[in-house]
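In this chain, numbering begins with 1 at the start of the sequence shown.
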Amino acid sequence: MVQRPGVPTAPELVLETDTGSTVMSPGRTYRVGRDPLSEIFLDDARVSWHHANLHIDGDHWTVEDEDSTNGTWADGRRIHAWEIGPGSELRFGSALDGPRAVLLGPPDGAGPAGAAGAVGTAGPAGVGNPSLTSTFRQPTAVRPLPARTTVRIGRDPGNDLVIEDLVVSRRHAELRSLADGSHEIADLGSHNGTYLNGAPVETARVADGDIIGIGHSAFCLVGDELQEFIDTGEVSLDVQDLTVAVDHGRKTLLDQVSFPVGARCLLAVVGPSGAGKSTLLGALTGLRPADRGAVLYDGRDLYRDYAELRSRIGLVPQDDILHSQLTVRRALSYAAELRFPQDTAAAEREARVDEVIGELGLEQRSDQPIHSLSGGQRKRVSVALELLTKPSLLFLDEPTSGLDPGMDRSVMHMLRGLADDGRTVIVVTHSVLSLDVCDRLLVLAPGGRIAYYGPPAETLRFFGFEQWPEAFEAFENRRDRDWAGEYRASSYHHRYVAGPGRQPAPSAPADLPGGRESGTGTGTGTVSPPPKAQSWGAQLSTLVRRYAAALSADRTFLVIMIALPFVMGAMARALAGSALTVETAMNALLILCVGGVLTGAANAVRELVKERVIYQRERAVGLSRSAYLMSKVVVLGAITVAQAVVLTLVGLYGVDLNAPDGRGVLFPPLIEITLAVALLAFTAMMLGLLVSALVRKEEVTMPLLVLLAIVQVVFCGALLKLDGVPVIEQLAWLVPSRWALGAMAGTIDLGAIVPGKLTQDPLFAHDAGVWLLNMGMLIALSVLFGVLVLRLLRRHEPAIMRK
């Protein structure tokens with residue numbers, strides 16, 4: 001094995017203080033100070049808030065004083081920068097009795113990075129993932145490989161390697177020994193995938209030092225041992241030079257944004273409208289990757305390893321991401337079904353749901369419909385959904401929007417508690433009422449540049465204002481002022497962003513284990529989308545049950561759904577009378593067409609646009625696009641067909657249809673007309689879904705529904721002669737009512753009942769071939785509309801899912 005160029009060779013060290021010991025791994029900078037977020041926290045008045053840092057410099061460690069008030073001392077001398085190693089003794093704040101720190105040699109089983117047995121920047125034996133040092137540090141456990149040739153890994157107790165993690169399938173993967181002494185990893189159709197050095201795999205050869213990712217665990221193969229590392233949630237985020245531009249680079253939304261976020265940190269992002277807050281959120285979550293720059297998830301390139309790391313990121317959009325008609329418990333239970341493996345027992349899912357309900361203080365509200373909750377409580381439910389899978393990073397977009405000051409503070413204190421429990425929380429907000437509960441504040445100026453990053457309490461003093469409105473007014477009115485330049489030149493930038501010893505983004509070589517290409521700083525071209533869900537049928541089953549439950553809980557929808565076919569059917573019956581005659585036949589069939597169109601289209605025209613935020617979030621965590629659409633087709637299709645049957649029977653049952661010889665083309669006349677109306681309503685439903693996928697706002701769907709009905713009436717052939725009219729006839733081919741009216745007219749031989757130019761249309765012929773053509777075209781239009789809806793759904797998805 002060959003050491004990679006540029007990989008630090010400094011050893012892991014153990015730093016011991018009076019409060020405990022810290023294993024220092026190469027690739028990280030360890031801050032010392034009175035700031036509780038410091039890696040080495042010293043609660044002593046003589047120690048500065050940011051006192052010093054320890055970092056590697058080539059093949060050795062260096063301690064560097066950060067201009068502390070009382071100094072850093074080594075060997076009785078006050079130092080600024082000093083080379084240290086095993087046996088070094090440091091004191092902070094006083095050479096005689098200041099807090100003491102002693103450096104010891106590498107922990108047992110570890111050596112210099114790149115030596116066998118160490119999991120450092122280069123990984124064991126100099127191979128493996130170069131970013132795992134800061135993520136995992138020391139192994140949680142070391143598991144000797146059994147003598148058998150196949151090691152089964154999963155959640156079931158019967159596996160050789162048991163992982164007690166609900167996002168892991170019961171039979172998740174196998175590690176197999178090959179004849180040449182090497183190993184391969186094989187995924188067993190798991191729900192959330194198996195990863196090798198961050199890339200999803202089905203079957204792949206594993207080299208010594210490669211990293212196998214399963215759920216929140218990672219396994220490093222070292223000889224005949226597997227070293228296990230668990231992501232406990234206490235992760236840091238390092239944002240480096242993020243840049244986003246649009247209009248072919250003419251407009252910059254983010255301009256070289258860089259800042260670090262420590263573990264258990266609550267960071268608020270504020271700024272005037274158009275400063276790039278939403279763009280930054282998309283770049284940090286990986287949903288809309290930056291054009292340039294890197295986001296390091298505890299040292300790992302988020303864009304390159306997004307497929308694996310996506311399940312450790314929670315995102316709560318500004319709009320609610322749950323069906324408001326459902327109760328809190330029921331909504332979370334359906335979400336758990338979608339996010340946990342299919343083989344997870346119902347009791348296991350419910351236990352996790354109860355756990356997050358308790359964590360968010362929703363016990364008293366768990367059986368209430370979500371729409372009946374206050375704004376703050378609904379936001380808690382959205383957060384609870386994201387906490388189901390125990391994410392290490394939690395992002396929230398405007399969680400306090402529309403809330404009163406008291407509820408605003410309640411939500412922010414909830415986020416403070418989530419961070420204290422061991423998560424990194426980043427919240428984008430316009431509210432400045434409760435910034436004091438945050439550890440860090442990021443202020444973006446117009447143009448997507450950092451105007452300030454540091455403690456919230458010092459922000460206004462840095463800008464020279466007393467109130468936040470003054471600061472935001474200055475951002476808007478003084479756009480020529482170089483806010484970012486002033487911050488970069490300040491001590492705040494040096495202290496909180498640049499910092500001595502801060503490591504640059506890793507530039508991993510192209511021959512990473514597993515054959516991956518480096519993704520650092522290359523934006524969207526290097527982001528791997530999540531693997532497709534393993535069980536399409538299981539997702540469809542859950543989506544169908546959830547959608548049916550949501551519709552059945554919507555009383556307004558139920559009333560309209562039941563009343564509409566009876567009203568339209570009664571109108572058709574009134575026109576038809578006791579028999580279809582010259583005066584009544586055309587009008588009765590026209591009313592059936594209008595009723596079928598309105599029934600189907602009204603059911604579906606709002607259904608996609610009103611759920612767009614829900615769909616986008618679920619799609620980002622692995623929802624199948626086709627399963628989602630099919631759930632709509634199954635539920636709405638069943639309702640629509642049932643309505644169409646009621647509509648036709650109310651309108652025509654017992655009516656003399658005057659079909660030739662009392663028979664239809666292939667079946668009894670009432671059955672044929674019922675089939676035509678049902679298929680028309682279904683096709684109109686698919687057209688309604690197409691409209692819903694096209695529009696951006698729910699408010700425009702009702703006017704479009706009216707327009708849709710008018711088009712169906714004009715182009716069905718009951719009012720205008722269409723046959724042989726250029727352009728008009730071809731346009732009518734795309735109108736479902738044209739073919740449905742033709743099928744119904746053919747059933748009763750409308751031309752024989754109502755002589756005239758309109759009724760001599762070839763599509764009205766009492767002929768089996770023509771009738772089947774009419775019905776076949778309705779089916780073809782349904783399929784066409786469905787394909788178009790699938791493509792339009794893709795347009796509304798996160799950028800990462802379009803690959």
Side-chain angles (χ1 to χ4, degrees), residues 167 191-193 195 198 200 213 215-216 237 244 278-290 295 297 301-323 331-332 334-341 381-399 423-428 519 523-524 526-536 539 542-543 546 608-629 631 693 790 792-803:
V167 300
H191 181 84
N192 288 310
Y195 304 86
H216 289 86
L237 201 67
V244 176
S278 297
T279 304
L280 176 63
L281 189 66
L284 295 181
T285 57
L287 297 179
R288 295 181 295 276
V295 179
Y297 175 101
D301 190 319
L302 175 65
Y303 293 170
R304 182 187 59 199
D305 296 348
Y306 179 78
E308 179 182 355
L309 298 178
R310 69 186 173 98
S311 63
R312 308 181 195 181
I313 298 174
L315 172 62
V316 181
Q318 182 174 352
D319 297 322
D320 294 333
I321 51 177
L322 291 163
H323 292 82
L332 292 178
Y334 283 126
E337 282 191 51
L338 289 173
R339 299 200 179 193
F340 291 139
V381 179
S382 293
V383 173
L385 182 150
E386 292 301 316
L387 294 185
L388 286 172
T389 54
K390 299 184 178 180
S392 302
L393 285 175
L394 183 62
F395 295 88
L396 300 99
D397 188 9
E398 300 288 355
R423 302 176 187 88
T424 299
V425 181
I426 299 178
V427 52
V428 173
T524 57
T526 61
V527 185
S528 298
K532 294 181 180 179
Q534 299 293 332
S535 178
W536 185 90
Q539 285 197 1
T542 300
L543 291 168
R546 183 182 70 177
L608 297 182
V609 65
K610 76 178 185 181
E611 288 187 5
R612 186 154 295 156
V613 175
I614 298 175
Y615 171 71
Q616 288 173 336
R617 180 62 194 134
E618 292 184 341
R619 179 72 176 130
V621 294
L623 179 70
S624 167
R625 182 190 308 133
S626 58
Y628 175 77
L629 176 58
S631 70
L790 275 177
L792 288 171
L793 281 176
R794 184 176 180 272
R795 185 184 67 175
H796 297 296
E797 292 172 359
I800 181 63
M801 302 304 301
R802 300 178 199 156
K803 291 188 166 297

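Between Glu386 and Arg423 no salt bridge is recorded (no basic side-chain N to carboxylate O distance below 4.0 Å).
How far CD1 of Ile614 is from CG of Asp320: 8.5 Å, rounded to the nearest 0.5 Å. Residue Ser624 holds its OG atom at 11.0 Å from CG of Leu338, rounded to the nearest 0.5 Å. Leu309 CG to Tyr297 OH: the interatomic distance, rounded to the nearest 0.5 Å, is 6.0 Å. To the nearest 0.5 Å, the span separating OG on Ser626 from CD on Gln539 amounts to 8.5 Å. To the nearest 0.5 Å, atom CG of residue Leu543 and atom CD of residue Glu337 are 9.5 Å apart. Note that the CG atom of Leu608 and the CG atom of Leu793 stand 5.5 Å from one another [nearest 0.5 Å].
With hydrogens and angles ignored, the 3.5 Å screen pairs no side-chain donor or acceptor of Asp305 with any backbone N or O of Glu308. The backbone N or O of Arg312 lies less than 3.5 Å from no partner atom in the side chain of His216, so there is not a single donor-acceptor pair. Of the possible polar contacts, none joining the Arg617 side chain to the Arg612 backbone as a donor-acceptor pair under 3.5 Å is found. Judged by distance alone, with hydrogens and angles left aside, the side-chain atoms of Tyr195 form a donor-acceptor pair with the main-chain N or O of Ala307 at under 3.5 Å.
Qualifying side chain to side chain contact (heavy atoms under 4.5 Å, CB included) partners for Ser311, counting only residues two or more places apart in sequence or in other chains: none. The side-chain hydrogen bond (donor to acceptor under 3.5 Å, both in side chains) search around Glu618 returns Arg546, not counting sequence neighbours. Every side chain to side chain contact (heavy atoms under 4.5 Å, CB included) that Pro341 has, sequence neighbours left out, goes to Arg155, Ser169, His191, Asn192, Asp343, Thr344.
Put simply, the side chain of Tyr306 reaches to within 4.5 Å of the side chain of Leu287, judged on heavy atoms. A 4.5 Å side-chain heavy-atom check between Ile313 and Pro391 finds every atom pair outside the cut-off. Taking the side chain as every heavy atom from C-beta outward, Leu396 and Val428 never approach each other to under 4.5 Å. The closest side-chain heavy-atom distance from Asp397 to Val316 is not below 4.5 Å. For the pair Ser392/Thr424, no side-chain contact is recorded, criterion being any heavy-atom separation below 4.5 Å from C-beta on.
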Practice prompt. Determine, step by step, whether Leu315 and Leu281 satisfy the side chain to side chain contact (heavy atoms under 4.5 Å, CB included) criterion, reporting the C-alpha distance in whole Å, the side-chain angles of both residues, the deciding distance to 0.1 Å, and the verdict.
Written response: CA-CA 9 Å; Leu315 172 62; Leu281 189 66; 4.1 Å; yes
Practice prompt. Would you please test Val381 and Leu322 for side chain to side chain contact (heavy atoms under 4.5 Å, CB included) and show each step?
Written response: CA-CA 8 Å; Val381 179; Leu322 291 163; 3.0 Å; yes
Worksheet item: side chain to side chain contact (heavy atoms under 4.5 Å, CB included) between Val167 and Arg339: does it pass, once the steps are laid out?
Response: CA-CA 8 Å; Val167 300; Arg339 299 200 179 193; over 6 Å; no
Worksheet entry | Tyr628 vs Glu611, side-chain hydrogen bond (donor to acceptor under 3.5 Å, both in side chains): CA-CA, chis, key distance, verdict | CA-CA 11 Å; Tyr628 175 77; Glu611 288 187 5; 2.9 Å; yes
Practice prompt. Any chance you could lay out the side chain to side chain contact (heavy atoms under 4.5 Å, CB included) test for Leu237 and Ile426, step after step, and finish with the verdict?
Written response: CA-CA 10 Å; Leu237 201 67; Ile426 299 178; 3.8 Å; yes
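The only member of Thr389, Val383, Leu385 that meets side-chain contact (heavy atoms from CB on, under 4.5 Å) when paired with Leu387 is Val383.
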